[in-house]
Amino acid sequence: MEHGHVVDGLTAPVEVVYDRWGVPHVRAHDADDAFVAQGFTAARDRLFQLDLWRRRGLGLLSEVLGERYLERDRAARLFLYRGDMDTEWAAYGAGVRRTAELFTSGINAYVALTEREPALLGPEFAELGFTPARWAPEDLARIRSHGLHANVEKELARALTLRDFGPGVEDLRAVREPEGPLRVPEGLDLDVLHPEVLDVYRLACAPLDLSGAAPCTTPPEPDGSNNWVIGAERTATGRPILANDPHRVVGAPALRYVTHLSCPEFDVIGAGEPALPGVSIGHNGHVAFGLTIFPIDQEDLYVYQLHPDDPGRYRHRDGWRELETVTERVPVRGGPDREVRLDFTVHGPLVRSDPERNAAFAVRAAWLGPGMAPYLGSVQYMRARDSQEFRDALRVWGAPGENQVYADAEGFGWIAAGRVPVRPNWDGSLPVPGDGSHEWAGFHGRMPSAHRPGQGWFASANEHNTQRAPGWEPFTVTRDWAAPLRYERIAEELSARSDWTVEDACRLQGDHRSPVARAALSVLDALPDGFPGTAPALELLRAGGWDGTMAVDLPQPTLFEHWFAHRLRPALLRARLPELVSSDRVDAAVAALTPDPDRAADPRVPLRLLAEAVLSEQGRALVARSLGAAHRDLCERLGPPGPAWHWGEHHFARLDHPLAALPDPPPWARGRRIARPGSADTVDLTAADASGRQYHGASFRIVVDVGAWDESVAVNAPGQSGDPRSPHHDDLTEPWARGRHFPLLYSRAAVDRHRASTLHLLPPAW
């Protein structure tokens with residue numbers, strides 16, 4: 001099947017070969033035309049997703065969705081880049097501005113085509129009653145709120161717990177690395193803080209909700225990921241292998257878009273976000289590269305004293321400073337434009353003013369500075385001809401912080417990339433006064449890295465890993481790292497053998513053995529027999545030599561997860577808290593330490609408390625009672641152990657389109673329910689909400705065979721296309737759910753053997 005279109009911006013014909021899995025292989029005569037074609041093909045597959053991304057980021061949702069999105073539009077506008085655009089473009093290095101112009105011209109060419117041929121528009125536009133808008137190149141750089149950010153939410157949560165319950169309770173809430181006492185910054189008044197302080201920030205960064213409910217102010221879920229690279233000496237083929245499975249919110253369309261850009265300047269294949277040019281995860285026939293979040297603390301919450309007679313002024317240094325105020329007009333569907341007021345302090349967007357407490361709050365974010373648009377820097381490193389050029393290209397990387405692993409014919413390694421603020425007199429763990437006493441002093445220089453580590457492999461999973469950088473001079477990156485459990489499981493496997501294959505790496509990406517369950521099971525072995533009511537639970541958990549594998553057809557995961565999260569954790573906290581707070585404060589402290597049921601909790605604290613509990617008879621009795629109670633809960637709800645207990649009945653994915661949230665959604669918007677193995681702690685991370693539905697995990701996976709490029713594989717769920725009419729809308733959901741991959745074909749011969757259709761893009765007047 002062949003199609004053709006005239007595309008403004010092209011200088012010569014471009015051939016786009018679509019393979020059987022919906023991947024576009026762009027063949028252009030130069031880099032300029034490759035980027036125009038990338039914008040066109042991304043819009044062809046993902047136009048509704050792109051249009052929402054732009055409107056959400058620029059604060060233009062009200063224009064098409066109505067007045068109820070006005071507050072969200074205002075919040076988004078607070079977190080746009082507002083600096084000089086020449087400085088912004090220069091920060092990424094030569095050519096990025098031109099790339100943005102070309103890419104957006106390709107998007108606009110497809111938008112123009114839909115104006116001539118409205119049938120090309122996906123059904124989402126008709127359902128909501130609007131048409132897509134054109135893009136400016138600056139949109140790619142100005143939009144920042146879709147990135148992955150840290151750690152202002154943690155600062156506030158830590159400060160509130162510290163104020164309300166003290167440092168002992170805060171130690172039970174979250175693990176800090178490196179360890180050490182918390183020091184409240186001099187001049188900070190904790191009493192003026194409250195949970196709603198960050199509601200505007202949350203509104204700016206939260207996923208879009210089309211349900212019509214009240215604006216969402218749920219804190220953004222910290223995202224994870226896994227990647228690893230295996231040196232040639234530890235593989236069966238003598239070629240390096242690179243694997244990456246970034247963890248993000250799962251849904252439809254897929255967050256990632258797989259593409260192949262081939263021209264004389266570069267020949268790169270892999271995935272990026274569809275609204276951005278280039279490829280951020282993949283290979284270019286010379287270097288393979290993959291990323292996970294390196295959780296740099298790039299945010300601070302500043303707390304100001306307001307002038308007692310003028311809430312438009314705040315104390316800074318030796319006087320009172322005026323808020324900088326910007327008034328903007330927001331178009332609103334079905335009504336007149338509305339004015340919104342945006343206030344800024346010397347540090348950043350004002351997110352709340354509280355005259356009653358004589359206080360105001362702003363977020364300072366490194367990612368609002370020049371050169372910090374998330375992932376835009378990938379258009380530089382994807383051109384690298386060897387690992388040294390790759391490392392050099394990352395010197396200008398801004399945001400988000402990333403663990404970049406890489407491999408080429410000469411070596412492999414890791415480099416942490418991103419800008420870490422220098423905080424001369426504090427470590428970023430808590431909010432700080434905005435009076436000028438706590439100011440950044442630029443950014444740190446050399447970041448941690450490791451080239452050709454002696455163990456023959458390197459892996460990252462968002463854990464505290466700076467100690468694995470030889471010769472690196474330490475500075476505080478953050479104290480909020482992910483639990484090392486996924487990393488430890490990956491390291492256990494990578495260290496165990498020296499004959500790794502692509503297939504083995506795929507299996508490790510789909511590993512469902514829970515480190516938390518393994519650790520808890522080893523502790524449960526200390527429980528003596530005879531505790532009333534625990535025998536059935538222990539018998540089930542030990543049945544078949546269960547090793548903590550969270551398989552869909554087993555009952556043990558259901559019992560374990562219910563016990564660990566809902567019975568054991570609160571019981572352990574209630575046993576420990578009387579040492580730390582008065583008896584009348586225990587219930588409040590338990591509530592403060594109990595995570596949102598729709599969010600995964602760090603298991604390190606309950607695992608530590610569990611290990612301590614079984615050292616005493618009283619503690620063992622507590623653990624036994626909680627286990628017996630969990631078993632009884634499930635018996636009452638599900639009946640005796642049987643198929644109704646199987647993990648897949650309670651842990652599932654449904655990759656819904658955003659329109660599934662409408663009061664009367666179209667039939668195609670709701671995804672299929674699919675049983676999912678794993679948990680929030682397994683390598684194949686499948687974090688679920690209170691209903692058991694997976695909301696977070698790896699919808700995209702890639703394994704690269706370095707040097708034998710056609711042997712590389714990937715998967716991208718639910719499919720490459722966002723158009724529900726396309727055969728590639730949902731064709732990858734089943735393989736994704738079963739841990740399978742498709743061939744990520746690279747050579748022209750291999751691609752042509754699997755050619756499904758061809759798109760010819762022609763310049764005007766050709």
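Every heavy atom of this structure was used, including side-chain atoms; hydrogens, water molecules and symmetry mates were not.
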Check: Would you call the rings of Phe361 and His194 parallel, tilted or perpendicular if under 30° counts as parallel and over 60° as perpendicular?
Finding: perpendicular

Notebook entry, point to check: How about Trp481 and Phe294: are their ring centroids closer than 6.0 Å?
Noted result: yes

Item checked: side chain to side chain contact (heavy atoms under 4.5 Å, CB included) between Leu198 and Glu153, worked out -> CA-CA 8 Å; Leu198 289 176; Glu153 285 282 2; 4.0 Å; yes

Item checked: Reported OG1-to-CG distance for the pair Thr534 and Leu524, which is rounded to 0.5 angstrom -> 10.0 Å

Next item on the list: Go through the side-chain N and O atoms of Asp525 and Ser522 and say whether any donor and acceptor fall under 3.5 Å apart.
Entry: no

Check: Within the side chain of Arg585, is there an N or O that forms a donor-acceptor pair under 3.5 Å with the backbone of Asp164?
Finding: yes

Item checked: Check: Asn227/Asn403 side-chain N/O donor and acceptor closer than 3.5 Å -> no

Checklist line | Arg738 CZ: over 12 foreign heavy atoms closer than 6.0 Å | finding: no

Next item on the list: Output the distance between atom NE2 (His631) and atom CD (Glu539), rounded to the nearest 0.5 Å.
Entry: 8.5 Å

Next item on the list: Kindly write out the residues that satisfy side-chain hydrogen bond (donor to acceptor under 3.5 Å, both in side chains) with Arg163, not counting sequence neighbours, or none if the list is empty.
Entry: none

Next item on the list: Could you verify whether a donor N or O on one side chain and an acceptor N or O on the other, from Ser514 and His512, lie under 3.5 Å apart?
Entry: no

Notebook entry, point to check: In terms of side-chain heavy atoms, does Asn462 have a donor or acceptor partner in Arg486 at a distance below 3.5 Å?
Noted result: yes

Checklist line | Residues Leu301, Leu193; criterion side chain to side chain contact (heavy atoms under 4.5 Å, CB included); working and verdict | finding: CA-CA 11 Å; Leu301 178 62; Leu193 296 168; 4.3 Å; yes

Checklist line | Point-to-point distance, once rounded to the nearest 0.5 Å, from CD of Glu492 to CG of Asp511 | finding: 8.5 Å

Next item on the list: Decide whether a cation-pi geometry holds between Arg518 and Phe560; the criteria are a distance under 6.0 Å from NZ or CZ to the six-membered ring centre and an angle within 45° of the ring axis.
Entry: no

Note to self: Within 45 degrees of the ring normal and closer than 6.0 Å to the centroid, is that where the cationic atom of Arg676 sits relative to Trp736?
What the structure shows: yes

Check: Any salt bridge between Arg202 and Glu196, counting N to O under 4.0 Å?
Finding: no

Margin query: Considering only residues two or more places apart or on different chains, which pairs with a residue in residues 605-626 satisfy side-chain hydrogen bond (donor to acceptor under 3.5 Å, both in side chains)?
Written below: Trp563-Ser626, Arg576-Glu612

Note to self: Once side-chain contact (heavy atoms from CB on, under 4.5 Å) is applied, do any residues pair with Glu561, and if so which ones, sequence neighbours excluded?
What the structure shows: Met550, Trp647, Ser679

Check: If you round to the nearest 0.5 Å, how far is CG of Leu255 from CZ of Phe700?
Finding: 10.5 Å

Next item on the list: Apply side chain to side chain contact (heavy atoms under 4.5 Å, CB included) to Thr292 and Asp245, showing your working.
Entry: CA-CA 8 Å; Thr292 70; Asp245 54 303; over 6 Å; no

Next item on the list: Taking atom types as modelled, find out whether His646 and Thr558 have a side-chain donor-acceptor pair closer than 3.5 angstrom.
Entry: no

Note to self: Using side chain to side chain contact (heavy atoms under 4.5 Å, CB included), reason through Arg513 and Thr682 one step at a time and then give a plain yes or no.
What the structure shows: CA-CA 6 Å; Arg513 193 174 181 186; Thr682 53; 6.0 Å; no

Next item on the list: Answer with yes or no whether the side chains of Asn244 and Arg701 bring together a donor and an acceptor at under 3.5 Å.
Entry: no

Checklist line | Separation between CG of Leu572 and CG of Leu609, rounded to the nearest 0.5 Å | finding: 5.5 Å

Next item on the list: For a side chain to side chain contact (heavy atoms under 4.5 Å, CB included) with Val590, tell me which candidate from Asp587, Thr594, Leu593 qualifies.
Entry: Thr594

Checklist line | Rounded distance (nearest 0.5 Å) linking atom CD of Gln720 with atom CG of Asp731 | finding: 8.5 Å

Check: Do Asp209 and Ser211 have side-chain atoms, one donor and one acceptor, less than 3.5 Å apart?
Finding: yes

Check: Does the Asp689 side chain pair with the main chain of Gly692, one donor and one acceptor, at a distance under 3.5 Å?
Finding: yes

Checklist line | Heavy-atom neighbours of Arg542 CZ exceed 12 at 6.0 Å | finding: yes

